[in-house]
Structure formats: C-alpha cells, structure tokens
Amino acid sequence: MSLPPPAARPRRAPLALRVAAHEDLGGGLRWLTLAAPDVAAAAEPGQFAHVRCGGGLGPDGALGTRRAYSLADADPDRGTVSLLYRVWGRGSVWLSQRRPGEVLDVLAPLGTPFRLDPHRTPVFVAGGTGVAPFIFLARRARQKGLRPLAFVGARTAAELAGGEFLAAAGAEVAVATDDGTAGFAGTVVDLVVRALEETAAAGGLAGPSPALYACGPHAMMAALAAACAAHGWPLQVSLETPMACGIGICLSCTVPGPRGPGFYRRCCVEGPVFDAREVAWE
Amino acid sequence: MSLPPPAARPRRAPLALRVAAHEDLGGGLRWLTLAAPDVAAAAEPGQFAHVRCGGGLGPDGALGTRRAYSLADADPDRGTVSLLYRVWGRGSVWLSQRRPGEVLDVLAPLGTPFRLDPHRTPVFVAGGTGVAPFIFLARRARQKGLRPLAFVGARTAAELAGGEFLAAAGAEVAVATDDGTAGFAGTVVDLVVRALEETAAAGGLAGPSPALYACGPHAMMAALAAACAAHGWPLQVSLETPMACGIGICLSCTVPGPRGPGFYRRCCVEGPVFDAREVAWE
Amino acid sequence: MSDLTTRLGPLTLRNPVLLASGTAGFGRELAEYLDLAGLGGIIVKGTSPSPWYGNPGPRTVETPSGLINSIGLENPGLRHFLEEDLPWLRTQGATVIVNVVGRTVEEYAAVAEGLAGADGVAALELNISCPNVKAGGIQFGHDPRLAAEVTRAVKAACGRPLFVKLSPNAPDVPAVAEAVLEAGADGLSLINTYLALAIDVARLRPVLPSVFGGLSGPAIKPLALRWVWEAHARFRVPIIGMGGIREWSDAAEFLLAGAQAVAVGTASFTEPRTAAFVVEGLRKWLDERGFATVGEVVGLAHRAIDGEEAVPLGQS
Amino acid sequence: MSDLTTRLGPLTLRNPVLLASGTAGFGRELAEYLDLAGLGGIIVKGTSPSPWYGNPGPRTVETPSGLINSIGLENPGLRHFLEEDLPWLRTQGATVIVNVVGRTVEEYAAVAEGLAGADGVAALELNISCPNVKAGGIQFGHDPRLAAEVTRAVKAACGRPLFVKLSPNAPDVPAVAEAVLEAGADGLSLINTYLALAIDVARLRPVLPSVFGGLSGPAIKPLALRWVWEAHARFRVPIIGMGGIREWSDAAEFLLAGAQAVAVGTASFTEPRTAAFVVEGLRKWLDERGFATVGEVVGLAHRAIDGEEAVPLGQS
Ligand SMILES: Cc1cc2nc3c(=O)[nH]c(=O)nc-3n(C[C@H](O)[C@H](O)[C@H](O)COP(=O)(O)OP(=O)(O)OC[C@H]3O[C@@H](n4cnc5c(N)ncnc54)[C@H](O)[C@@H]3O)c2cc1C
Ligand SMILES: Cc1cc2nc3c(=O)[nH]c(=O)nc-3n(C[C@H](O)[C@H](O)[C@H](O)COP(=O)(O)OP(=O)(O)OC[C@H]3O[C@@H](n4cnc5c(N)ncnc54)[C@H](O)[C@@H]3O)c2cc1C
Ligand SMILES: Cc1cc2nc3c(=O)[nH]c(=O)nc-3n(C[C@H](O)[C@H](O)[C@H](O)COP(=O)(O)O)c2cc1C
Ligand SMILES: Cc1cc2nc3c(=O)[nH]c(=O)nc-3n(C[C@H](O)[C@H](O)[C@H](O)COP(=O)(O)O)c2cc1C
Ligand code: FES
Ligand code: FES
C-alpha cells in the first residue's frame, strides 16, 4: 500500500498548566487561576476547559473522564485563565485540593463561544456557577463598548459569590435569591423578565434593545427561553451535559434540537453555546 | 433473636500517620519516616506496615490494595517509624511523591516478628531492600547485648544504600555486589557462607555460634536455606508474597510448607518471618 | 430514625450489610476492626466437608479498580468450622451465614447436613459459582439442571433459609436462577466473580498459575447491578447483592436495584471497617430521605421508570 | 529496530494499534491530536444504511475505572461516510476499517454492498454486538445462527477482510465465534461492551434513560483479555483485541494473549493521544526485549504455560 502523506499535522495537545492561584470564595465556591498564556490569548467567552481530575485514566487514576469548566476569565496580559467552580463531587473535590505550583492536565479552549451582538445591550442571566462565563463575557463586552447588565440568581446569599467578579469586569449586577437573603426574593428569571418588561413599558432601555445570554440550571433556562420566545428577545444559552470526551468523539453530550432527535448536536463542539430556538426545551 | 453481647470490642483501626521526613537515598531508594508513637512503641523487628497508596479503594482511588513495607526502624523516644523502599511500580511511585506533612493511611504493626536468639550471634543476610528489617533488628540486638553481623548484597554499588543505616544501628557490615562495584564480587550468600565456614574452620566465631536471619529475593533465600540446612545453622526468613489484605482475611499470601499444600500459612499473619525449615523452597 | 431491619423471605437481618464470603475469613480478624454484631451478618468462607488446600501462588493480582483472585476455596473444612469458628462467632453476637462448597452433590449435602443440627447458623449460601475449583463448583453453576439438583439436595439436608450464589460466567444466568428457585432456594446471592485474566508483561506469561481467576471489586459493580436489576424484575425474590461495594452509596444502588441486603467483599481488604461505614452511611441516608424502613427502597428504582420500558436489553 | 507491521489474515496493518469504533468518530477530531497515518488504522463509528439518531441523554455515566454508554449508534449513515468521511480519511493516509451496523440482514448487506466499490476501505468490522439498539444488532450477536447468516450476507456483498465483533453478553460466546468463522469471517474483534447499570442515588432511578448501557474502560480489561485468550487457544484466527487499553503494557497483554492488533477506545476520551503513545510504547518494548516482529509476541503467553493446563476454566 502506498499512501499519500497526511494533509495536516496534528497541532493540539492537552496542556500542562500550573496553578497560579486558588481562592476559596465561600459558599463552596472556588476561583482557580491557571498560568496559560496561549489559552488566555486564544480563548473566547463561552468556551470551556476540560480538566483531568484525580489522574484521569492514567496509571494512578480512577476518574476516567475529564470535568468541564467554563472559562470564567482570561487575562492575555498576565497570561492566565480562571475557573469558577463549586466543590461538589469527586472531580471538583479533587480539584479543590490542588495547590499553587501544582500542574493540571487541561484541554482548552474548547467549544463554540457566545456570539456577542454589537448592536444590542448584553443581558446576562446566571444561576449558580452559571455566572462563570459572564465574567469573561462582561469584560469582552466592555472592550467592545457595550454596557452589560447581569442578573444573578442563587438559592441563598452565601452562594452568590461571583457577583463581585462580574461587577469588577464591568457589568451592572442585580441579584435574586430563592430565600430572599439577598436582592430580589424569587427566581432570577422572574427578576430579569420583570426588569426588561418594566424598561420596555417605560419606553425601552436607555440604549439599544436587549440580547440575552444565559447559563444555569436547565429549568431556569427553559423558563427563560419561553419568556424570550414570547417577547421576541434573542437568547443564547450555555448548556451543561455530561461530557465524556469534550472534543467531539464520543457523542455523549448531544443536545436534542427543537424538531426531534434528528437534530442532536454535540454540546462540546457545536455548543456549549446554542441559540435557544435551536434547543428542544420540552 | 436475642444474642449475647459481643465478647470483645474492636480495637484496631487503620492509622492516619503524618510524613515526618522523606529522604532520597539514591539508587531508587527512599527512607520514609512517619510520626507514629503507638506503632514505634509496640512494633517488633520483622513486622510490617501496610500502606494505602493512591487513595486505595476510596472515592478517588484506583489502586485497590495496600503495599507492605517492613518496619526498617522504630524510635519510641521520637515516636517515629521508618520504611526503606525502592521506587518501583504504581504504589511506590505514588509513595515517593508524598511530602512531609502529608498524611498516610497505614495499618501497622502487622505480622509475626523475628525471634532473636539471645544465645547466638545474629547474622543478617539481606538482598536489595531486604536490608530494611535488619536496621531495626540490629538496633534491637544491640539493646539485648548482642553483636550482629550483617551481609548485604545488591546488583551494583549504587543500590547498596541502607548499609550506613545498618552500621549506625550497630551492626558490623560486609557487602557483596553482583558486578563487583563494591565489596565482595558475587552473591551475598556466597559471601556469608564463605565467611561463616572460614570462621568455623578457624575454630568458631569469637563468641557464640551464629543464628541467621534473611530477607531478599526468593532465589537468594532458597540458596541460603540450602546452605543453612547443610551446615545446621538456624535460619529465619522474612518472605514477600502478594498481600491483598495484610490482615489474614483474603488468603492471597499463603506460603507452602515443606510437606505440600496442606501446610499453607498466611505470610501476613503467621509470617512474614518463618523458620526456613517450615518453607517449601522447591 | 429509620428501621434498618431487612427481611429476605424467611431470614431477617438486623441491617442489610453483610461481609461477603471469602473476604472475611471466619470473622476473627475483622472483629479486631469492627463489631460483627453491628453488621447484618457474616457470610463465612466457602466451607467443604473436609479441609481444602487451595491453589498455588500468586493467588491475587490487582487490576484497575479490581482484584483477580484464584484462592481455590482453601478452607479448614466443616468440622473445624463447627468446633472452632461457629462457637466463637456466637460469642460475638454475629449473624452467621455459611457459604457451602463441594465437588459433588453428595459433598454439598454433607455440609448442609452437618449444619442442620448446629445452633447459630442463620442461613446457607450455596456457592455453585466459584471459578477456581476445577473438579467441582463450576459445572453446577453453569447448568440449570445440575444447579437445581444440588439446591434440592442441600435444602433437603438442611431446612434453613437457602440463598444460591450465581456465577455471572454461566451461559444463561436467568435459567440457572429460575431452576434453583424452583428447586427450593429462598433467594439469590448476586454475584460471584467474573472470569478474568492478567498477563505479566515482564515474564511474558499469565500472572496467576491458574491462568484465569475471578474479578471482584469496584470494576464489576455496574455489571453486578445489572444482574440484581434483572433478577428483581423477573423473579421478585430475596436478593443479596454484591460486587464492588465500598461506600454506602454503592450499597444504596444495590437496594434500589432490588436487593434486600448487600455484601461487602474486596473493599474490606483495603479498609477493614468498610462494612461498618456502609451501615452508618445507609442509616444516615434513609433518615435524611425519610424512609422508615429498608423495604421502602428495595427495588425503588424500578418503580421510577414504571411505564417506561423496564428490562429492555437483558440477557436471554 | 522491530518491525511493527502486523498481519491479520488478509489484512496487513502498519502497526497493531487501531482506534476503536465509536470512540474516534470518523477521525477528524482526533487528527488534531495525533497523526492518523501513524496508527495501525481507525475503525470508524458504526455505520448504517441511512442516518441513525441515537438515544436520548444522558448517554454516559462514569464508574470506577469505567464508563457506561448508551449512545444508540448515532451515525450519519453510509452515504455521508462515502461522500464526506472516507475521502477525507484517505487524504490523511489513514487505514480505514468500517464498523457496519444494521437492523436486519438486508441493512447490514446494504452497507457492505455500498462499501464494496469504495476505494480505501481496508476491512469491515461487523458489529453484531452493540447493546444499545433494541430492534437490531443484539439478537444477531446472541444467536450463532443469525450471526452466521449476517456474516455470510456481508461477506457475499463485500469481499474485503471481515472481522466480526462479538458481544460478551451473548449466552455462548465461543459458539457465536465458531459460527461466524465458519460463515466466512476472517477474524474476530474482541470485545464489545458489557451490559451494565448505574443508579442515581439522589434521583432514585437509573442514570441512563435506557436503564442499561455498555461498560467500557480499564475496568473490563481483565475480562476482555480472558476472551482473547480463549479465542486464540481455540480458533487460532486473527484477533483485534480491545477493552480498557490505556498504556502500551495493556496492549502488550492483549498481544501476548493472542491478538494480532488492538484497539484503543475509552482512553482516547481522557487522553486523545493515547493510541499514538501506545504505538511508541510497543515499539520501545519490542526493541528492548529483542523481538524482531509483532508476530513473535502474538499468543506468546500461551507458549509460556505449554505443558501446563492451557484453558482450564473457560466458558462453555
Ligand atoms: C460546558 C460545561 C461547563 C461547565 N462549567 C462549570 C463551571 O464553570 N463551574 C462549575 O462548577 N461546574 C461547571 N460544569 C460542571 C462540571 O463539569 C462538573 O459536572 C461538576 O464540577 C461536578 O463534577 P464532580 O466530579 O465534582 O461531581 P460528579 O461526581 O461528577 O457529580 C456527582 C453528581 O452530581 C451531579 N452534579 C454535579 N454538579 C452538580 C451541581 N452543581 N448541582 C447538582 N448536581 C450536580 C452530577 O450530575 C452527578 O450525578 C460545567 C459543565 C459543562 C458541561
Ligand atoms: C511483608 C512484605 C514486606 C515488604 N517490605 C518491603 C520493603 O521494606 N521495601 C520495599 O521496597 N518493598 C517491600 N515490599 C514490597 C512492596 O510491598 C511492594 O511490592 C513494592 O513496593 C512494589 O509495589 P509497587 O506498587 O511499587 O509496584 P507494583 O505495581 O505492585 O509492582 C509491579 C510489578 O513489579 C513486581 N515487583 C515489585 N517490586 C519489585 C522489585 N523490587 N523487583 C522486581 N520486581 C518487583 C511486582 O511483583 C509486580 O508484578 C514488601 C512486601 C511484603 C509482602
Ligand atoms: C479473595 C476472594 C475470595 C473469595 N472466596 C469466595 C468463597 O469462598 N465463596 C464465595 O461464594 N465467594 C467468594 N468470593 C466472592 C465474593 O464473595 C464476592 O461475591 C465477590 O468478590 C464480589 O464482591 P466484591 O466485589 O465486593 O468483592 C471471593 C472473593 C474474593 C475476592
Ligand atoms: C461511547 C462509545 C461508543 C461506542 N460505539 C461503538 C460502535 O459504534 N460500534 C462498535 O462496534 N463498538 C462501539 N463501542 C465499543 C468500543 O469500540 C470498544 O469495543 C469498547 O469500548 C471496549 O474498548 P475500550 O474499553 O477501550 O473502550 C463504543 C464504545 C463507547 C465507549
Ligand atoms: S463530550 Fe464527547 S462528543 Fe461531546
Ligand atoms: S494478605 Fe490477605 S490473608 Fe495475607
């Protein structure tokens, strides 16, 4: 057999990234900063990092699959990217024990980013750790001269960490808690819909019309998608599905489209950011 | 069902032992010291520690079984015990990465110790990391007023580390290397047999007759057992077998006795130290 | 506070956590690490009419999240059990289940007969599934007719609650299950180890002199759960579930799949207190979730998908 | 320097390391991480006559050293493969093996026929073993007669080297192997995933909507090795071994057990370069041990125990 030479040489590889800082934000949340100049330069808001936790499939690893974390921030000048995560199960507990100087095995940046509409006011709607991508997106929006509004929801005040980061990145932040311990008492969807309706009733936003970007629990996003459809507001959502590979080879992460299973798309490649109209919310 | 109350309450548990010091001895050997006052007070030379490596069967662990290491030293005053080990496969590589302050999950002391004959000169014969238990045993022998001789073999000089520890513990040390890079060129069995034969020819040791204690590769011990049987020298051996549990419940470690399979005994409980005559050497 | 008592047909256990056969000896060693009376019970090492000596070593080899063993059912025999082990276990307040092995139907029956008169034997677990004995066990576990025959003989010899422990290596596991249940078994023990191989790349040969051994440990948990689910769906009989349990949540999976009790095996090798931890974890879970009894969670995962297709892909 | 070329009957591969079907898509994604031409080849995702959409999510769940999947053979169909994927794979210099799936004998034959005329298809892997398709695949894999029938039809439709991929969940795996070999298969692919279950303890229900899925990953390596060993001992046919390979030494175990080639599956999910690392590791090992060819180590572990009892405990 004589075969033609390969057309393109492989160019990607998992990266060995040093932990630059690791902060406990309270409420079970952590802020992890990695030294990663190339990622910081290339990354777009909405993309994610796929982190090998506990050694992965390697010689001493029990955890097989990586864990996905949205890029919560990227600083090309310092050459760092940051993740905002909740200490939860096996992967994130392992991650929470990593100390500055340790090296992590990371695939990044992965996935399709948010598409920032330059002609509309960005409105971010975040539930729980869903705030993560909007810190990065707020920074990018400000760089493009936009003035983002961010609506952040959590069960309780203690879990609201991330708001300061959003504000520092240049977003105007309003919060909602289910138990009313901070901000609006109720869901973040109620809050944002009410706010946008009031603004509309008052003759429109003081500026261009809104474009919504959401990340959070499925139920929150389904409710928001319904409201946006009713009001005609454009909505992009960042979805979370189990991701065995993160690079498009396993088909574990597919998202059904609105017209049935024939429209499955991979959350890790075609997503995690989708137009809300292209998702079957049921 | 009305049952009688349990006769005895459980009293043992795996210990959480802090790494007090961890030294690279060269030649792939390490000296690990653990803070363990109770173990240091209770342990006898020949006993071992069973160390969980890589998280074991726990939530983030791939390695299922523990790894056995002879107690190479115990210092009841400082409340420490030490292990001498070779960086080899998954367990020992993991172990070699542990830093002072980290806490290990250890079962110790386990197993049946050497029985030091108070009326004979202790002669230790060690191959490779088999030197480990004799550091502890040398110390104990000196405390009992005995003057131990130690014969240590290795493939090459670089792997002879441990000799200084033996000497420091009070043994008179002679070495053999397969490649002749240090001491006698040949096997440690040849060396010790020659030395003892010469002494015997010269009219006996300057003191009581010898009792031999050996630890090392199977072939070395089989050869030594044959020589001892021929000369009528008493020999105790510390054996290594795969040990899934280390506490007597799995029967993975059994050692065949000289009269066939009916004489299997557990290396972890009835051993690791056996009278050489009670072992089938084949 | 939830009631941890669990009923498996004629057998009632004070809680659902047992020590698995062959991974706890006859209790003496683990009694130094946990209180045997605080467990559901102990299933002792496979016991034959006379002493068995087992296989040459190495007898175990570690694999990813698993352990392959080829012990060969070494045990000191029935008489030793009755004279030395059983009396001692009774002083500990342990509930004792005896794992019965033999090379022939007669040998199995002989052990059962010997146990019939003994006080303090709560139940029998019939091991027709050990992959490490060539002459005996394995054929019984693979052939429904033979499995039924040995079950009948053992039940006739000893009327105590009888659980038959199945081999996942049998060609038709459900057929064997059906046969032994019809022959009088009160329930099933699921599952014994999977036939497995490891090769020593340095020595260019199988690690174990017996070539194959049986795989246990967390690696097989998803496979064991599948059998428990299918057996519960199909037979609704008492089940002792086992395979890879190392945390309370593993045990909870087995209960939800349809087991009334579970057994902790290989995990005890690394953490001898595992079974006691599992009891505590289950207690806490049932309390927190507001389940009053163990029975409420047994098979509950089936009900969650009722209406959905229940056993779509099972074997046979 | 050892020659890494390996021969599987009519098929010659430049080295023994393939990408396993369903874990490498059609090569595009992994080509960013490794050089497809540096591998033995790629076995592409199961390909059906027309597009299949697969199962609802979640489709995977992690277990100790394993992964359960229930993808449902989602694939874009034969035409897409022929028009988009195969031409691209050829530009990469990849050796291409096509994994063929269908719901009926006719569907299998249709795929085979479509591949008969295509340039650059080195071999076919007949998937009669996917546990995640209800209407089709699985029955073929469990019934020797049906397995033979579909093998014959596929071989008749496409003369290329044909490997039949067996299911470990079949009641009688050796009988299926024998049937497909008699029906014209050039070799066997061993092994597909094990039927498995995981239960979500928080939600009190199976994690996967399909209830069961297939277990892959290091957890099943000792089980897969057992099948390779038995098939080699019994049939001496070409074997592609797979199940849990993540390091060169895992691959070496498969070769020593009797496989001429291996496939890397789940491990690529965590480390996309795994297959390339395995090639390098094997090369180094063969060099260091002084083996001139891959053929010298294939089945070598059997020879090490010749004289000893070879297959003492195999199923059936
Ligand atoms: C594209 C993408 C982006 C993501 N970004 C982030 C991020 O920025 N920050 C972040 O913290 N996580 C993020 N996640 C989730 C993350 O990948 C892990 O799933 C999470 O950290 C839990 O992993 P674990 O190993 O700790 O728990 P596991 O042991 O894997 O999870 C245990 C169980 O808990 C469930 N579970 C996991 N997390 C939660 C939760 N928060 N609430 C309720 N149930 C849960 C899981 O479904 C699982 O059944 C993202 C996921 C995706 C796919
Ligand atoms: C009672 C007892 C006492 C022990 N005392 C000591 C001690 O004091 N110091 C010490 O270093 N080890 C000691 N060992 C050995 C130790 O328990 C481990 O087996 C060793 O550390 C290798 O474990 P691993 O996880 O690193 O390698 P593994 O991954 O378990 O081993 C890989 C393979 O290498 C083989 N192997 C392991 N070690 C060697 C070796 N040195 N030479 C050649 N092949 C080997 C194993 O059989 C296995 O097949 C003792 C064992 C026992 C049973
Ligand atoms: C070392 C060892 C010895 C075993 N001996 C027996 C036995 O004598 N009788 C039996 O029925 N099962 C025996 N088993 C099987 C276990 O009881 C259990 O079914 C299996 O190990 C799965 O559970 P686990 O994964 O929790 O270990 C043995 C298992 C191991 C690991
Ligand atoms: C997500 C996933 C999808 C798979 N899809 C297929 C498939 O389409 N056809 C097939 O024959 N095998 C399929 N398999 C099985 C693998 O090819 C392989 O036989 C199995 O995963 C064992 O190897 P591993 O442990 O290295 O993954 C799939 C496996 C996984 C994990
Ligand atoms: S996570 Fe594997 S395809 Fe998306
Ligand atoms: S190691 Fe388990 S009995 Fe000795």
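Letters A, B, ... mirror the listed sequences (proteins, then strands); counts begin at 1.
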Considering only heavy atoms from C-beta outward, does the side chain of [X] approach that of [Y] to under 4.5 Å?
X      : Y      : value
D:T63  : C:K221 : no
C:L223 : D:L195 : no
D:W248 : C:V201 : yes
C:E253 : D:V207 : no
C:I199 : D:F254 : no

*asked:* Which residues in residues 281-289 of chain C have any heavy atom closer than 4.5 Å to a heavy atom of chain D?
replied: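 At a heavy-atom separation under 4.5 Å, chain D is reached by C:W285, C:R289.
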_side-chain contact (heavy atoms from CB on, under 4.5 Å) for D:H302 and C:V211? Distances and angles first, verdict last._
CA-CA 10 Å; D:H302 292 255; C:V211 181; over 6 Å; no
_Nearest heavy-atom neighbours spanning D:P64 and C:R246_ =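 Where D:P64 meets C:R246 most closely, the heavy atoms are CG-NH2, 3.5 Å.
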*Search all heavy atoms of C:A301 against all heavy atoms of D:R205 and return the closest pair with its distance.*
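C:A301 and D:R205 have their closest heavy atoms at CB-CA, 3.9 Å.
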*Engaged part of D:L256 at the chain C interface, taking heavy atoms whose separation is under 4.5 Å*: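 The answer is both parts of D:L256.
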*Quick one: CG on C:L225 to CD1 on D:I68, what's the gap to the nearest 0.5 Å?*
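Result: 8.0 Å between the selected atoms.
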*Which one of D:P206, D:A252, D:S249, D:A224 has the most heavy-atom pairs closer than 4.5 Å to chain C?*
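Option with the top pair count is D:P206.
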_Among the listed options D:A257, D:G244, D:A198, D:P222, the residue most often paired with chain C at heavy-atom distances under 4.5 Å_ =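 Of the candidates given, the most pairs with chain C belong to D:P222.
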*Go through D:F212 and C:E230 one step at a time and tell me if the side-chain contact (heavy atoms from CB on, under 4.5 Å) criterion holds.*
CA-CA 10 Å; D:F212 299 137; C:E230 288 197 27; 3.8 Å; yes
*asked:* Given heavy-atom pairs under 4.5 angstrom as the criterion, report whether the side chain, backbone, both or neither of C:L215 touches chain D.
replied: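 Side chain only.
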